[in-house]
Amino acid sequence: MTRDHGLQAERSARPVALVTGVGRTRGIGAAVTLRLAAAGWDIAFTHWTPYDARMPWGAEPGAAAAVADGLAGHGAAHLALEADFADPAVPDRVVERVAAEMGPPTALVLCHCESVATSLLDTGVESFDRHFAVNARASWLLVRAFARAFEGPRGAGRIVALTSDHTAGNLPYGASKGALDRIVLAAAREPAHLGVSANAVNPGPVDTGWMTPEVREETAGYTPLGRLGTPQDTADLVEFLCSPRGGWINGRLLSSDGGISAPS
C-alpha cells in the first residue's frame with residue numbers, strides 16, 4: 001500500500017470520508033468523492049491499478065491524480081492510497097493511515113469490488129475466493145477498523161456500501177455482494193453505541209465504460225425511465241445518506257435503479 005502521486009493531506013475542520021474503489025475517473029467511486037468534496041468533506045480514497053489493468057477496460061493512467069485535482073478544486077484535503085484488498089492486512093492499514101494523516105474518518109463509502117462475470121458451472125475456486133476476499137472480507141475488515149477508529153459525535157458516522165442484485169451468470173460477484181449486504185445490516189445495529197448508520201445502495205445498471213453499445217441500448221430499453229443510471233445518480237444518493245439529512249435512514253438496502261426493480 002503506497003500513497004499515490006505524493007499527495008499531502010492536511011488536517012482541517014472538515015469531516016473525513018474514506019471512499020474505496022476510485023480507480024477510474026468515469027467510475028462511481030470518483031463521482032462519489034467529488035460530490036462529497038463539494039458538500040464539505042475531506043477525502044481519502046483507495047484504488048488498485050492491477051485490478052483495472054486485468055479488466056477489459058484497462059487501467060487509466062493518471063486517474064488518481066485527476067481525481068485529486070478535482071477534489072482540490074472543491075477545497076478538500078485529500079489522500080490517495082493504492083490498496084490491494086485481497087490482502088487481509090490492508091484494510092486496517094488503510095484506516096490507520098487515514099486516521100494518522102487526516103484524522104479518524106466520519107464516513108466510510110465502499111465502492112471497491114472484484115467483478116469477473118462467470119456462471120455457477122464455470123467459476124473457479126480461486127476466482128470465487130478472490131471475490132469473497134475483496135467484496136466481503138475486506139468490507140467487513142474496513143467496517144470493523146472504521147468503527148474502532150471512529151471519534152465523531154454520536155449520530156454523525158456513516159457507512160454506505162455499493163451492492164448488486166446480480167446472480168445468474170455472475171455467481172461469485174453476486175454471492176459475495178449478498179454477503180456484503182449482511183455485513184452492512186450487522187453494522188446498522190452492532191455499533192449502535194457510536195450512533196453510526198449503515199446502508200447498502202444498489203445503483204442498478206450504470207455505464208462506467210464497461211457496456212457495449214448493444215448492452216446500453218437494451219438496458220435503457222427496459223428501464224422505466226428510459227435511460228441508464230449515471231455515476232452522478234449514485235453519488236447524489238450517497239451524499240444524502242452521509243449528510244445530516246440522511247441520518248435517520250439505517251439498515252436499508254436501497255435500490256437506485258430508475259424503477260427496474262419496481263413491481264410490474
Side-chain angles (χ1 to χ4, degrees), residues 12-22 25-46 67 70-71 73-78 98 102 104-113 139 142-143 146-147 150 152-165 177 180-181 183-189 191-192 194-208 223-225 227-262:
S12 73
R14 295 159 61 115
V16 175
L18 169 57
V19 183
T20 64
V22 187
T25 54
R26 290 185 62 182
I28 293 174
V32 167
T33 64
L34 294 172
R35 184 68 184 86
L36 289 175
W41 293 78
D42 287 339
I43 305 293
F45 66 92
T46 72
V67 171
L71 298 175
H74 290 296
H78 51 275
V98 173
M102 302 186 76
T106 300
L108 172 65
V109 183
L110 303 174
C111 301
H112 71 275
C113 74
S139 297
L142 284 161
V143 167
F146 169 81
F150 183 75
R154 180 177 175 81
R158 301 286 188 269
I159 298 169
V160 182
L162 298 191
T163 189
S164 173
D165 56 5
K177 285 292 188 175
L180 168 64
D181 294 349
I183 292 166
V184 173
L185 292 176
R189 286 188 171 270
L194 301 174
V196 173
S197 68
N199 295 284
V201 172
N202 178 1
V206 177
D207 185 12
T208 58
T223 304
L225 294 181
R227 69 170 178 86
L228 297 172
T230 68
Q232 193 62 48
D233 291 327
T234 307
D236 287 341
L237 177 55
V238 170
E239 188 277 323
F240 172 76
L241 292 173
C242 289
S243 75
R245 309 182 312 280
W248 191 233
I249 302 171
N250 188 34
R252 298 291 92 192
L253 200 168
L254 304 169
S255 292
S256 175
D257 61 7
I260 291 176
S261 57

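Index from 1, following the sequence.
In terms of heavy atoms, A77 sits closest to D42 at N-OD1, 2.9 Å. Across all their heavy atoms, C113 and K177 have their closest contact at CB-NZ, 4.1 Å. Shortest non-hydrogen contact noted between T33 and A30 is OG1-O, 2.7 Å. Scanning both residues, P191 and A186, for their nearest heavy atoms gives CD-O, 4.0 Å. Residues A107 and C242 approach most closely at CB-SG, 4.2 Å, considering heavy atoms. Across all their heavy atoms, A76 and A37 have their closest contact at CB-CB, 3.8 Å.
Using a 4.5 Å cut-off on side-chain heavy atoms (C-beta onward), P205 and I260 make contact. Under the 4.5 Å side-chain criterion, counting only non-hydrogen atoms from C-beta, V22 is not in contact with T46. Side chains of D257 and T223 form no contact here, defined as non-hydrogen atoms less than 4.5 Å apart. Taking the side chain as every heavy atom from C-beta outward, V109 and L18 never approach each other to under 4.5 Å. Counting heavy atoms from C-beta outward, L142 and H112 have side chains that approach closer than 4.5 Å.
A salt bridge does not link E239 to R158: none of the charged side-chain nitrogens sits closer than 4.0 Å to a carboxylate oxygen. Salt-bridge formation is detected for the pair D233/R227: a Lys NZ or Arg NE/NH1/NH2 atom is positioned less than 4.0 Å from an Asp or Glu carboxylate oxygen.
Annotation: the span from I43 atom CD1 to R35 atom CZ amounts to 11.5 Å, rounded to 0.5 Å. Note that OG1 of T106 and CZ of F150 are 5.5 Å apart. Values are rounded to the nearest 0.5 Å. Residue T230 holds its OG1 atom at 11.5 Å from CZ of R26, rounded to the nearest 0.5 Å. Taken from CG in L110 to CD1 in I159, the straight-line distance is 7.5 Å, to the nearest 0.5 Å. Rounding to the nearest 0.5 Å gives a distance of 6.5 Å between NE2 of H78 and CG of L71. The SG atom of C111 sits 4.0 Å away from the CG atom of L162 when rounded to the nearest 0.5 Å.
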Yes or no on side-chain contact (heavy atoms from CB on, under 4.5 Å) for T234 and I28, after CA distance, side-chain angles and deciding distance? CA-CA 7 Å; T234 307; I28 293 174; 3.7 Å; yes
Go through F45 and V67 one step at a time and tell me if the side-chain contact (heavy atoms from CB on, under 4.5 Å) criterion holds. CA-CA 9 Å; F45 66 92; V67 171; 4.0 Å; yes
Please report the C-alpha distance between L254 and L241 in whole Å, then the side-chain angles of each, then the deciding distance to 0.1 Å, and finally whether the side-chain contact (heavy atoms from CB on, under 4.5 Å) criterion is met. CA-CA 11 Å; L254 304 169; L241 292 173; 3.9 Å; yes
Checking side-chain contact (heavy atoms from CB on, under 4.5 Å) for the pair V143/L108: CA distance, chi angles, key distance, verdict? CA-CA 8 Å; V143 167; L108 172 65; 4.0 Å; yes
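In R189, the CZ atom is not crowded: 12 or fewer heavy atoms of neighbouring residues, nucleotides or ligands sit closer than 6.0 Å.
Looking at S243, its side chain does come within 3.5 Å of a backbone N or O of R245 through a donor-acceptor pair. In this structure, N202 contributes its side chain and L253 its backbone to no donor-acceptor pair below 3.5 Å. Of the possible donor and acceptor atoms, none in the side chain of S197 sits under 3.5 Å from a partner among the backbone N and O of N250.
Residues T163 and D181 bring a donor and an acceptor atom of their side chains to less than 3.5 Å of each other.
Only one option out of V32, V160, V238 pairs with V19 in a side-chain contact (heavy atoms from CB on, under 4.5 Å); it is V32.
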